[in-house]
Every structure is written in structure tokens, then in C-alpha cells.
Amino acid sequence: MGRAERQGIRVDVEYVRREKSRLSKEIVAKMKQLKNSTFYIEWEKAQGKEVNLNSVPQLSNYLYNVKGLEPYKTTETGQGSVDEEAITNLNIPELMDIIRIRKLKKIRDTYLDQFGREQVNGVIHPFFNLHLVRTYRSSSDSPNFQNIPKRDEEAMNIVRKALYPRPGHQLLEVDYGNLEVRIGACYHKDPNMIKYIKDPKTDMHRDMMAQIFKLEYDGSDEHKYLRSAAKNGFVFPQFYGDYYVNNAKDMACKWGELPNGVWKDDLGVSIGDITLGRHLREQGLKSIKSFEKHLEKIQYDFWDNRFPEYASWKQRWWEVYKRRGFVDMLTGFRCYGVLSRNDATNYPIQGSAFHCLLWSFIRIDDILSGNHYIPLQIPLRVWKSKLIGQIHDAIILDVHPDELQAVAEMVHIITTKELPKAWDWINVPLEVDAELCPVDGSWAEKEKYKLVA
DNA sequence: GGAACTCGCCAC
DNA sequence: AAACGTGGCGAGTTCC
């Protein structure tokens with residue numbers, strides 16, 4: 001990991017400077033426009049002094065105390081929330097401008113600023129800490145290389161266009177697929193989960209989508225969307241220890257839309273020519289309450305029938321922790337201290353999943369730096385290609401095009417074949433996906449790449 | 001003037 | 001009966 005830190009990642013300093021000033025111009029223009037609105041003028045009047053558009057307490061106070069609006073949700077400390085979800089639901093156009101400004105400032109002040117500040121001769125050297133995280137995962141700082149925008153298209157493009165390989169090289173990213181789910185299976189050994197992992201014809205999220213939304217998955221874009229709703233709104237939260245009441249509320253708010261506990265025909269996700277809310281109503285799930293009851297049954301089915309071994313492992317593992325005060329991970333580390341019921345099962349899975357990545361990272365480093373002892377058909381030499389970073393279940397390399405083929409094969413062998421050989425407790429196949437950027441292309445330009453033909 | 005806090009938001 | 005896991009970081013705010 002130290003070698004990757006020293007290697008670093010190239011930053012286009014001139015681009016960062018230009019992009020920051022472009023963002024600043026848009027932020028200033030947006031603020032100017034906002035300051036002319038009656039919403040802002042009334043806010044300023046109530047405030048009695050100049051309004052700070054970045055101040056969360058000021059906005060919360062104005063919306064919920066001065067104007068007396070009903071908060072859509074509250075924060076941990078009971079204050080009216082002003083996060084994106086909460087203020088979007090107030091249906092005030094000016095608040096959309098605040099969301100836009102926040103997003104642009106996030107890109108400028110959190111990411112581009114960090115790159116400019118931390119770069120040395122056009123290279124950043126993020127730290128990858130191995131000693132700070134309770135679960136034995138890693139963390140990264142100065143700058144944090146592990147939270148660079150990915151899902152939001154605009155933010156992803158702006159930020160990742162700043163990061164480059166060395167001249168004549170290309171960036172390669174190799175991700176383990178569903179690593180935590182697979183490593184979880186090594187602990188609980190649930191046969192149904194193992195079947196989902198091993199049999200490519202099966203798909204757990206597709207099955208859950210059908211059950212939750214009462215729809216047979218047909219592969220359409222709308223169904224793909226609902227599949228990810230089931231995955232991120234129910235399955236993963238359940239794995240982490242959440243329960244159906246939260247799941248129902250989150251899913252209904254995000255995908256169905258029901259301000260008064262009843263589905264609205266004109267709001268929410270559409271499937272075919274009707275909305276999800278309408279579809280659920282036609283299926284007899286008339287309100288949020290009935291959807292919650294529906295999810296309650298699904299939760300019991302999920303743990304009692306679909307993954308009973310997983311459920312009993314969770315139970316046993318918690319009993320072990322209560323008796324001994326610690327749990328041991330398959331990778332030899334011990335989780336101790338005050339753990340909640342969820343912690344006692346989440347920590348070992350999360351930690352040993354990362355250790356799989358770390359083992360692979362170290363072995364790849366051995367080979368690239370010419371020190372390897374693994375009996376592979378790979379000549380001993382120092383490679384031009386280098387490891388430059390890691391994001392929990394992904395490895396990022398800076399590859400010379402002449403070595404691409406060899407690197408791809410080697411990484412594939414290490415991550416999916418050598419690792420399970422080294423650790424016999426790995427009882428499920430491991431898979432990796434890869435993405436490749438063009439030669440001299442930025443990290444924004446990555447495209448799917450097959451490691452093995 | 002800095003530490004500690006809250007809040008929002010990015011990643012896995 | 002319970003009531004989602006791990007981080008880093010920026011900005012505003014309050015306290016000492």
C-alpha cells in the first residue's frame with residue numbers, strides 16, 4: 001500500500017484551476033438569481049441580517065420556525081431536516097436552486113480543491129490507512145481516494161476528468177463483484193444464498209423485486225429500475241440489519257410517493273403507462289400501511305424460508321459475542337469492544353471482504369515490483385505498470401499498454417484463483433469486473449473491459 | 001484561535 | 001424485541 005501511495009495519481013492541475021473558476025461563475029450566477037427572488041427577500045427580512053446560503057441552521061430556522069412549514073423529516077437531534085430529500089418535498093422552486101448550489105460547491109470545495117491542495121508536481125498521493133477502521137477495512141485521506149463521485153453523471157465527469165495515468169499509460173480498475181455477499185456466505189454457508197451466487201440463471205434481486213412489487217421481472221428498463229429499488233431498498237438494508245418498517249417508508253418515499261399515506265396516481269415511478277403507486281393499489285396494497293404489512297410478511301419469508309441458515313448464523317454469532325465479548329474473523333482478526341447485535345455480524349463480513357482485496361493487492365504488488373514468489377508462469381522483472389489505489393473491493397492500476405494483456409491475466413488469476421487457493425474457507429466462486437480508460441485518457445472515460453477473452 | 005459539535009453528502 | 005454497517009471532509013456554529 002505504501003508503494004501505491006508513493007506512486008500516486010496524476011492530476012491535471014490546469015484543468016482543476018479552469019474547472020474551479022467555471023464552477024465559481026455558475027455558483028455566483030445562481031446565487032445572484034436566487035437573491036432576486038421574493039423567497040430570498042422575505043428570508044432576509046426575517047433574518048434581520050444578510051442570509052448565508054450555506055448555513056443549514058439558518059435555513060432550517062427560517063423554513064420551520066419562521067414560515068412554520070412542516071418538516072418532511074427530522075435530523076438525529078430532532079431539528080427539521082434541510083437535506084436534499086427534505087427540501088425537495090417542500091415544493092419551493094428556490095430550494096431547488098439551493099440544491100444546485102450545494103452540488104456545485106461540493107464538487108469545487110471537496111474534490112477539486114483537495115486535488116489542487118494535495119498535489120505535488122501534478123501528482124496526488126492519497127493515504128490508505130490500515131489501522132483506523134473498527135471493522136479492519138481501510139480508510140483514505142489527503143485526499144480521500146475512496147469517495148470520488150461515480151453515480152451522479154455530472155459530478156463524476158467533472159471530478160474524474162482531473163485524474164490521469166502517467167503519460168502513455170492507461171487506468172485500469174478491477175472490482176470484485178458482490179464481494180461482501182460472497183464473503184458473508186463463507187460465514188453463514190446458507191445453501192440458498194450459495195445457490196444464488198453459484199447459479200448464473202438465478203438472481204436474488206430479481207426474485208425480491210417480483211415479490212415486493214408483485215411483478216414478473218421482464219428485463220425492461222422499468223423493471224431493472226425496480227430491481228435496483230428492491231436491492232437497495234430492501235435486500236442490502238436487511239443484510240445490514242434494518243427492518244421492514246424503515247424499508248417500507250424509504251421505498252414508498254423514494255419510489256412510490258405518498259404524502260398522506262395513500263398512493264398518488266400522478267407521482268412516483270411509472271411502469272408501463274401507470275405509476276407504481278397505482279399498480280400497488282390494483283394489487284390490493286392500498287396504502288403505505290398495507291405496503292408495510294406486505295413487507296413485514298416478506299421480511300419473515302426472507303429470513304425464515306429464503307435464508308434460514310443465514311438467519312440462524314446471525315443468531316448464533318450474537319450469542320457467541322455475548323458469551324465471550326468478541327467475535328473472530330475468518331481472516332484471523334478479532335472484533336472486540338462494545339458491539340451491537342448488527343455490528344457483531346456486519347464487522348467480520350465487512351473486514352474479511354476487505355482482507356480479500358488486501359491479499360490480492362499485496363500479491364499483485366509482489367509481482368509488479370519483481371518480488372513475487374508465487375509459482376506463476378510470470379517472468380520475474382519490474383513492470384512499467386503500477387498499483388495506484390484501492391477502494392474497498394476495487395483495485396486501480398496505471399498500466400502500460402504493452403503490458404495490458406499480461407496485467408489483465410495476472411490480476412484475474414490472483415483475484416479469482418490464487419486467493420481461494422490460499423484461503424480454503426472461501427467456499428464460493430469469486431468474480432471480478434474490470435473497466436479500462438483510453439491511453440492518456442482520464443478516469444472519467446472508463447469503459448467495460450474483459451480481463452479474459 | 002482552536003476543539004468539538006451538527007449537518008449534509010460523497011464512496012463502498 | 002429491535003429500529004442500517006464503515007469511512008472523510010467542508011461549512012457553520014458554539015464553547016472554552
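In the text below, chain A, chain B and the rest are named by the order of the sequence lines, each starting its count at 1.
Counting any heavy atom pair closer than 4.0 Å across all strands shown, Pro149(A) reaches sugar-phosphate atoms only and no base atom. Among the atoms of the strands shown, only primed sugar atoms or phosphate atoms (P, OP1, OP2) are found under 4.0 Å from some heavy atom of Glu84(A). Residue Val56(A) is classed as a sugar-phosphate contact, given heavy-atom separations below 4.0 Å to backbone atoms only. Note on Ser138(A): nothing from the nucleic acid sits closer than 4.0 angstrom, heavy atoms only. Here Arg102(A) lies in heavy-atom contact (under 4.0 Å) with sugar-phosphate atoms only. Backbone-only contact: Asn346(A) has heavy atoms under 4.0 Å from sugar-phosphate atoms and none from a base. The residue Ser140(A) sits close only to the backbone: its heavy atoms come under 4.0 Å of sugar-phosphate atoms, none of a base. Nucleic acid contact class of Thr345(A) (heavy atoms, under 4.0 Å, all strands): none.
One can place CG of Asn246(A) at 10 Å from P of dA3(C), the figure rounded to the nearest angstrom. For Asp109(A) and dC10(B), the CG to C1' distance is 14 Å, given to the nearest whole Å. The CD atom of Gln390(A) sits 16 Å away from the P atom of dA11(B) (whole-angstrom rounding). In this structure, the CG atom of Asp343(A) is 11 Å from the P atom of dA3(C), given to the nearest Å. Distance Lys106(A) NZ to dA11(C) C1': 11 Å, rounded to the nearest Å. With rounding to whole Å, Asn61(A) atom CG is found 17 Å from dG12(C) atom P. The interatomic distance linking Leu59(A) (CG) with dG8(B) (P) rounds to 9 Å, in whole Å. dC12(B) atom P lies 11 Å from atom OH of Tyr240(A), rounded to whole Å.
Residue Ser55(A) has a polar side-chain atom (N or O) positioned under 4.0 Å from OP1 or OP2 of dT13(C). The side chain of Asn52(A) contributes an N or O atom lying less than 4.0 Å from OP1 or OP2 of dG12(C). One finds a side-chain N or O of Tyr347(A) lying less than 4.0 angstrom from the OP1 or OP2 phosphate oxygen of dT6(C). A close approach under 4.0 Å does occur between a side-chain nitrogen or oxygen of Asn54(A) and OP1 or OP2 of dG12(C). At dA11(B), none of the side-chain N or O atoms of Arg137(A) fall inside 4.0 Å of OP1 or OP2 (strictly under the cut-off). Applying the 4.0 Å criterion to OP1 and OP2 of dC12(B), one finds that Arg151(A) has a side-chain N or O inside that range. Proximity of Thr75(A) to the phosphate of dT6(B): no side-chain N or O atom is located under 4.0 Å from OP1 or OP2. Residue Ser139(A) places at least one side-chain N or O closer than 4.0 Å to OP1 or OP2 of dG8(C). Between dC10(B) and Lys103(A), no contact under 4.0 Å exists linking OP1 or OP2 to a side-chain N or O. Phosphate proximity of dG8(C) to Gln114(A): absent, as no side-chain N or O sits under 4.0 Å from OP1 or OP2.
For Arg117(A), the side-chain atoms get nearest to dG10(C) when compared with the rest of dG10(C), dT13(C), dC12(B). Nearest to the side-chain atoms of Asn147(A) among the listed nucleotides dT13(C), dG5(C), dG8(C) stands dG8(C). Proximity note for Thr110(A) (side chain, C-beta onward) versus dT6(C), dA2(C), dG10(C): the nearest is dG10(C). Closest to the side chain of Val133(A), from the set dC4(C), dG7(C), dT13(C), is dG7(C). Side-chain atoms of Asn342(A) lie closest to dG5(C) of the nucleotides dG5(C), dC10(B), dG8(B). Listed nucleotides dT13(C), dA11(B), dA3(C) differ in distance to Tyr243(A); the shortest reach to its side chain belongs to dA3(C). Of the listed nucleotides (dT13(C), dC12(B), dG5(C)), dC12(B) has the atom at the smallest distance from the side chain of Ile391(A).
No more than 12 heavy-atom neighbours from other residues, nucleotides or ligands sit within 6.0 angstrom of CG on Asn121(A). Enclosure of atom NZ in Lys195(A) is not indicated, since only 12 or fewer non-hydrogen atoms of other residues, nucleotides or ligands lie within 6.0 angstrom.
Ring pair Phe302(A)/Phe307(A) is perpendicular by interplanar angle, where above 60° counts as perpendicular and below 30° as parallel. A tilted orientation is assigned to the rings of Tyr244(A) and Tyr300(A), their planes being inclined by 30° to 60°. Below 30°, between 30° and 60°, or above 60°: for Trp313(A) and Tyr187(A) the angle between ring planes is between 30° and 60°, a tilted geometry.
Aromatic rings of Trp443(A) and Phe115(A) (six-membered ring for Trp) have centroids beyond the 6.0 Å cut-off, not under it.
Residue side chain Gln350(A) reaches the base of dG5(C) through a donor-acceptor N/O pair under 3.5 Å, judged by distance alone.
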Item to check | Chi angles and distances behind the ring-ring contact (aromatic ring centres under 6.0 Å, His included) call for His294(A), Phe213(A) | outcome: CA-CA 10 Å; His294(A) 173 59; Phe213(A) 299 115; 8.7 Å; no
